[in-house]
Peer 1: 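Starting off with a structure, shown below.
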Amino acid sequence: MGSTQTLLKSLLQNPSSIKSKSQAKQLHAQIIKSRGFPPSLMTTILSIYSSLNLLRESLLIFNILPSPSILSWKSIIRCYTSHGLFLQSLISFVQMRASGKYPDHHIFPSVLKSCTSLMDLKLGESIHGCVIRLGLDFDLYTCNALMNMYGKLQTIGEVGGMRFCDSQKRIVGVDPNVELKQRSDVGSRRIDGKVLYHSCGKSNDIGMRKRDKEAFYMENVRKVFDRMPKRDLVSWNTVIAGSAQNGMYEEALMMVKEMGDADLKPDSFTLSSVLPIFAEYVDVSKGKEIHGYAIRHGFDFDVFIGSSLIDMYAKCTRVDDSRRVFCLLPHRDAISWNSVIAGCVQNGLFDEGLNFFRQMLMAKIKPRHVTFSSIMPACAHLTTLHMGKQLHGYIIRSGFLDNVFIASSLVDMYAKCGNICIARWIFDKMESPDMVSWTAIIMGYALHGHAHVALSLFRKMEMENVRPNYVAFVAVLTACSHAGLIDEAWKFFNSMIKDYGIAPGLEHYAAVADLLGRAGRLEEAYEFISNMHIEPAGSVWSTLLAACRVHKNIELAEKVAKKIFKLDPENMGSYILLSNIYSAAGRWNEAAKLRVAMKGRGMRKKPACSWIEVKNKVHAFMAGDNSHPYYDRINEALKVLLEQMEREGYVPNTDDVLHDVEEEQKRYILCIHSERLAIAFGIISTPAGTTIRVTKNLRVCVDCHTATKFISKIVGREIVVRDVSRFHHFKDGKCSCGDYW
DNA sequence: ATAGGGTTAG
C-alpha cells in the first residue's frame, strides 16, 4: 500500500508522464480507492484526461465538481474545442465568466479558435476586448489565435460609410449547411501554358475596390502582429496564410522573406500557404523551387504540401508532374484525390479524371463536396448523362445540393448533356444563385438556341444586382450570335464596356464579328475586326472566314485567310474552310493546293468523331468507321433510312465534301459521316420513341443537318445533337436552330 | 494552447 501511495504521489507531481488512457484510468481508480484524498486531486486527473483528449472521462469528473477551478475550466474548454464542439466550448467560457472566474492566457487560444470555427466575429471581437482588459494582449499564443481569427473572418459591416458584405469564407468542419465561399474578382485562365489575366473592372460592391477590401481584412491581423513583443514560426505562418488566403500574394511573399531575416526557416505550413500563390500566378519555375526546398527538408511526403504541389503543377498545365506527385504520396486523403481529379479535369483529361474518381471510391475515400464540383465538368464535356445523373443522386443523398459550386456544376452538366429543362429546374431551386450559376444557365440556353430566354435571364440577373463579369458577357453574346440577334448584341457589347468597365476580349469580339458576318455585313465585320483594341487572334478572323463561305465571297475569304495564316499558321480549321470555299466554287485546283500545303506542314484534319451513350456505355464512331460490332446492322439501317428519306424529298447536298471525286462517291461519303453512324446506332439500339442524344467533336455539316431533320420525322424521335458550338434539337423534320448555326 | 492543401460558368 505504501509503495502505491509513493507511486501515486510521484505520478501526480508529474502528470505529463501519463501517456495512455488506461494509465490515466488506473490512476483515477487508485485515487478514488484511497480514502480521504484532497478534492484538488480530481482537478489533476481532469487535466490529465483533458491533455489526453478524453472528453467523456473529463466530463465525468467536471460535472461533479461543485465549483470548478480555472484549471478545470481550461481543461474542459480545451477538450470541447479539440473535439470540434465549438459551441459547447463557448458556452463553458461564458459559464466560467458568469461564475466570476477570470480566464488566463491558456484559455483564450481555444476560445478564439471556437469563435473562428463558428465564424462568430462579433463574439471574437468582444473576447479580444476581454484579452486587452486583462492585459493579455501580449501573450504569444493568444495573439496567434487572434490573428488567425481576423485572417479567416471577413468583416461584414460598415467601412468608411460604405456597406460591403460579399465573399465570406468557408470554414471547413462546421455546419455542413453553412457553405460560404470566397470568390475573386480577378479571373485568370490558361492557354497553352500561358496565363491571361482579365480584370472585371470595378469591385462587386459599391465604392470599395477589391484591393482596399483585402487590405481591410488583413488590417486587424497586422495590428496584432505589429504589436507583438515576440513572434514565433506560428505567428509568421498565420500572417502569411492570412495574406495568401485574402489574395494579397505579394505581401505574403514579402513576409516569407522578412521571416528569413528574423532567422526563422519556412516549414511545411509556410510552404503550403505559398504554393497556391505560384499556382495562381502559373509560375512553374518558382513552384519547382518550392518543391525542391520541400524535398531537401523532407516535407515532400506531407499531405498538405502534396496536394498543393499536385494543384500547382496542374494549374501550370504540367499534368504529368502533377500526377507523379500524387502517385509518390505515401498517404493520400480526400483532398489529395480532389487535387489530382481537378487537375486532370481542368486540363481536359476527362477520362483520366473519371478514372481517378473511381479509384478514389475503390480506395474507400469518401468524396467531399469539392470532389463533385471537380468531377462534374468531366461529365458535362463528355456528355455522359448517365454518370452525371448517378453523381446527382449521390449529391442529393449527401445533402450537398445546397452548395453553390455543386449546384452550378449540375446546371452546366445537364445543359451540356442536352437536358436544359432539368438544368433550369435545378437553377430555379437554388436559394441564392451567384454569377457563375447565372452564367451557366444563360450559356445553357444559348447553346440550345433559346436566345430570348437567355437574354431575359441576363436582364433578370442584373435586376437582382448580380454583377456580370467577362464570362457572363461571353454567354449572353453567344446567345445573340446563335440566334442572329445583332442589335441586342451591340447593346450588350456597349453596356459591358460603359456600364461595367469590362474590356472586351477575343470571345466578345468574335461573337459580334460572327453576327455581322452572317448577316451579310462582311465589310462592316472586316472593319470591326481591324479596329479591335487588342490584336485579333485567328479565332476572330475565322468567324469572318466562315461568313465568307456562307455568303460565297471568295475575294474577301482569301484576304481574311491570309491574315489567319500569318497570325496562326497552325490553324487547320481555316485551311479546311478556305478549301471548302474553293471546292464549293468548283475551284478544285486551289482546294487541292491548300490540301498539299497542309500535308507539307504536317497538318492533318482533325478526325470527325461522334458518340452516343447507350445503356451506360459510350459508343464512339469515326467517319467511315466499320469497327463497331453492329456495323452491318448500322449500315443496313442507314440504307433503309436513305430510301425513305429520298421518298420524302431528301436531296443530298455535297457542297461540304472536300474530295474531288464523283458525285456517287460523295453521296457515299456523306452517308458514313460519324454523326449518321451514331444516330443510326441509337435508333436500332434504344426503345422506340425515346430521345437520341449524340455528341460530335466538330460542327455538324449542312447535309447531315438536313438528313437528321428527315430522320427525326421518319422514325418519330427527338434527336439531340451537340456539336462543337451548340445544340440541335431535331423533331418532326425541323431543327431548333431554325437552320441558322 | 495557436498556423497549412482541393471546387463551378468560357
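In what follows, chains carry the letters A, B, and so on, assigned in the order in which the sequence lines appear, proteins first and then strands, with residues in each chain numbered from 1.
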Peer 1: Using a cut-off of strictly less than 4.0 Å, decide whether Gln245(A) has a side-chain nitrogen or oxygen near OP1 or OP2 of dG5(B).
Peer 2: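 The answer is yes; a side-chain N or O of Gln245(A) sits under 4.0 Å from OP1 or OP2.
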Peer 1: Round to the nearest Å and state the distance from Asp311(A) atom CG to dG5(B) atom C1'.
Peer 2: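 Computing the Asp311(A):CG to dG5(B):C1' distance gives 8 Å.
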Peer 1: Over how many whole Å does the gap from His369(A) atom NE2 to dG5(B) atom P extend?
Peer 2: 13 Å
Peer 1: What about Ser273(A), does its side chain sit under 3.5 Å from the base of dG4(B) through a donor-acceptor pair?
Peer 2: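 Donor-acceptor pair under 3.5 Å: no.
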Peer 1: So, under a plain 3.5 Å distance rule, would you say the side chain of Asp302(A) forms a donor-acceptor pair with the base of dG5(B)?
Peer 2: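 No.
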Peer 1: What's the closest nucleotide to the Ser409(A) side chain, out of dG5(B), dT8(B), dT2(B)?
Peer 2: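 Nearest nucleotide to the side chain: dT8(B).
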Peer 1: Determine all donor-acceptor pairs shorter than 3.5 Å in which one atom belongs to a side chain in residues 425-433 of chain A; sequence neighbours excluded.
Peer 2:
{"residue": "Asp428(A)", "atom": "OD1", "partner": "Arg424(A)", "partner atom": "NE", "Å": "3.1"}
{"residue": "Asp428(A)", "atom": "OD2", "partner": "Arg424(A)", "partner atom": "NE", "Å": "3.2"}

Peer 1: Verify the ring-centre separation between Phe225(A) and Trp236(A): is it less than 6.0 angstrom?
Peer 2: yes
Peer 1: Within the modelled atom types, does a donor on one side and an acceptor on the other bring the side chain of Ser308(A) and the base of dG5(B) under 3.5 Å apart?
Peer 2: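 Checked by distance alone, the answer is no.
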Peer 1: Of all the choices, dG4(B), dA1(B), dG10(B), which nucleotide is nearest to the side chain of Val471(A) once you look at every atom?
Peer 2: dG10(B)
Peer 1: What nucleotide among dT8(B), dT7(B), dG4(B) has an atom nearest to a side-chain atom of Ala241(A)?
Peer 2: dG4(B)
Peer 1: If you take all heavy atoms of Met413(A) and Cys379(A), which pair is closest and at what distance?
Peer 2: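 Looking at all heavy atoms of both residues, the shortest contact is CG-CB, 3.9 Å.
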Peer 1: For Pro276(A), check side chain to side chain contact (heavy atoms under 4.5 Å, CB included) against everything at least two apart and list the hits.
Peer 2: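 Here no residue qualifies.
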Peer 1: Roughly how many Å is it from CE in Met149(A) to C1' in dA3(B), rounded to a whole number?
Peer 2: 15 Å
Peer 1: Tell me every residue that passes side-chain hydrogen bond (donor to acceptor under 3.5 Å, both in side chains) with Ser481(A), counting only those two or more places apart in sequence or in another chain.
Peer 2: none
Peer 1: Heavy atoms under 4.0 Å, any strand shown: does Ser336(A) hit a base, just sugar-phosphate, or nothing?
Peer 2: base
Peer 1: Which part of the nucleic acid, if any, lies within contact of Lys113(A), taking any heavy atom under 4.0 Å across all strands shown: a base, the sugar-phosphate backbone alone, or nothing?
Peer 2: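 Contact class for Lys113(A): sugar-phosphate only.
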Peer 1: Could you give the CD-to-P distance, from Glu507(A) to dG10(B), as a whole number of Å?
Peer 2: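 It is 11 Å, rounded to the nearest whole Å.
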Peer 1: Does a side-chain N or O from Lys152(A) land closer than 4.0 Å to OP1 or OP2 of dG4(B), or not?
Peer 2: yes
Peer 1: Name the nucleic acid region contacted by Ser339(A), choosing base, sugar-phosphate or nothing; use a 4.0 angstrom heavy-atom cut-off, strictly under.
Peer 2: sugar-phosphate
Peer 1: If you look at every heavy atom in Gly353(A) and Val345(A), which pair is closest and at what distance?
Peer 2: CA-CG2, 4.3 Å
Peer 1: Going by modelled atom types, is there a donor-acceptor pair between the base of dT7(B) and the side chain of Ser373(A) at under 3.5 Å?
Peer 2: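 Donor-acceptor pair under 3.5 Å: yes.
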Peer 1: Contact class for Ser268(A) (heavy atom, under 4.0 Å): base, sugar-phosphate, or nothing?
Peer 2: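 Base contact.
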Peer 1: Specify the separation, in whole Å, of atom CE of Met255(A) and atom P of dA3(B).
Peer 2: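 Between P of dA3(B) and CE of Met255(A): 17 Å.
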Peer 1: Just how far, in rounded Å, is P of dA9(B) from CH2 of Trp438(A)?
Peer 2: 18 Å
Peer 1: Just call it for Val303(A): base, sugar-phosphate, or nothing, with non-hydrogen atoms closer than 4.0 Å on any strand.
Peer 2: base
Peer 1: Assess whether one donor atom and one acceptor atom, taken from the side chain of Asn144(A) and the base of dA1(B), lie less than 3.5 Å apart.
Peer 2: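 No such pair is found, so the answer is no.
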Peer 1: For Met430(A) and dA9(B), what is the distance between atoms CE and P respectively, to the nearest whole Å?
Peer 2: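 Value for this atom pair: 13 Å.
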Peer 1: Below 4.0 angstrom, which residues in residues 230-238 of chain A have at least one non-hydrogen atom near DNA chain B?
Peer 2: Val234(A), Asn237(A), Thr238(A)
Peer 1: Taking only residues two or more places apart in sequence, or in another chain, which ones meet Asp412(A) in a side chain to side chain contact (heavy atoms under 4.5 Å, CB included)?
Peer 2: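 If we apply the side chain to side chain contact (heavy atoms under 4.5 Å, CB included) test to Asp412(A), skipping adjacent residues, the hits are Ala380(A), Lys416(A), Ala440(A).
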Peer 1: Just say parallel, tilted or perpendicular for the rings of Tyr394(A) and Phe372(A), cut-offs at 30° and 60°.
Peer 2: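 Tilted, since the angle between the ring planes falls between 30° and 60°.
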Peer 1: I'd like to check the side chain to side chain contact (heavy atoms under 4.5 Å, CB included) partners of Phe299(A); sequence neighbours left out, ordered by chain and number.
Peer 2: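 Result, side chain to side chain contact (heavy atoms under 4.5 Å, CB included) vs Phe299(A): Asp267(A), Ser268(A), Leu271(A), Tyr293(A), Ala294(A), His297(A), Ile305(A).
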Peer 1: Nearest to the side chain of Asn148(A) - dG5(B), dT8(B), dT2(B)?
Peer 2: dT2(B)
Peer 1: Mind checking if Thr439(A) touches a base, just sugar-phosphate, or nothing, with heavy atoms under 4.0 Å?
Peer 2: base
Peer 1: Of the nucleotides dT7(B), dG5(B), dA9(B), which has the atom closest to the Lys315(A) side chain?
Peer 2: dT7(B)
Peer 1: Tell me: CG of Asp402(A) to C1' of dT8(B), nearest whole Å?
Peer 2: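 Roughly 15 Å, once rounded to whole Å.
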Peer 1: Considering only dA3(B), dT8(B), dA1(B), which nucleotide approaches the side chain of Asp267(A) most closely?
Peer 2: dA3(B)
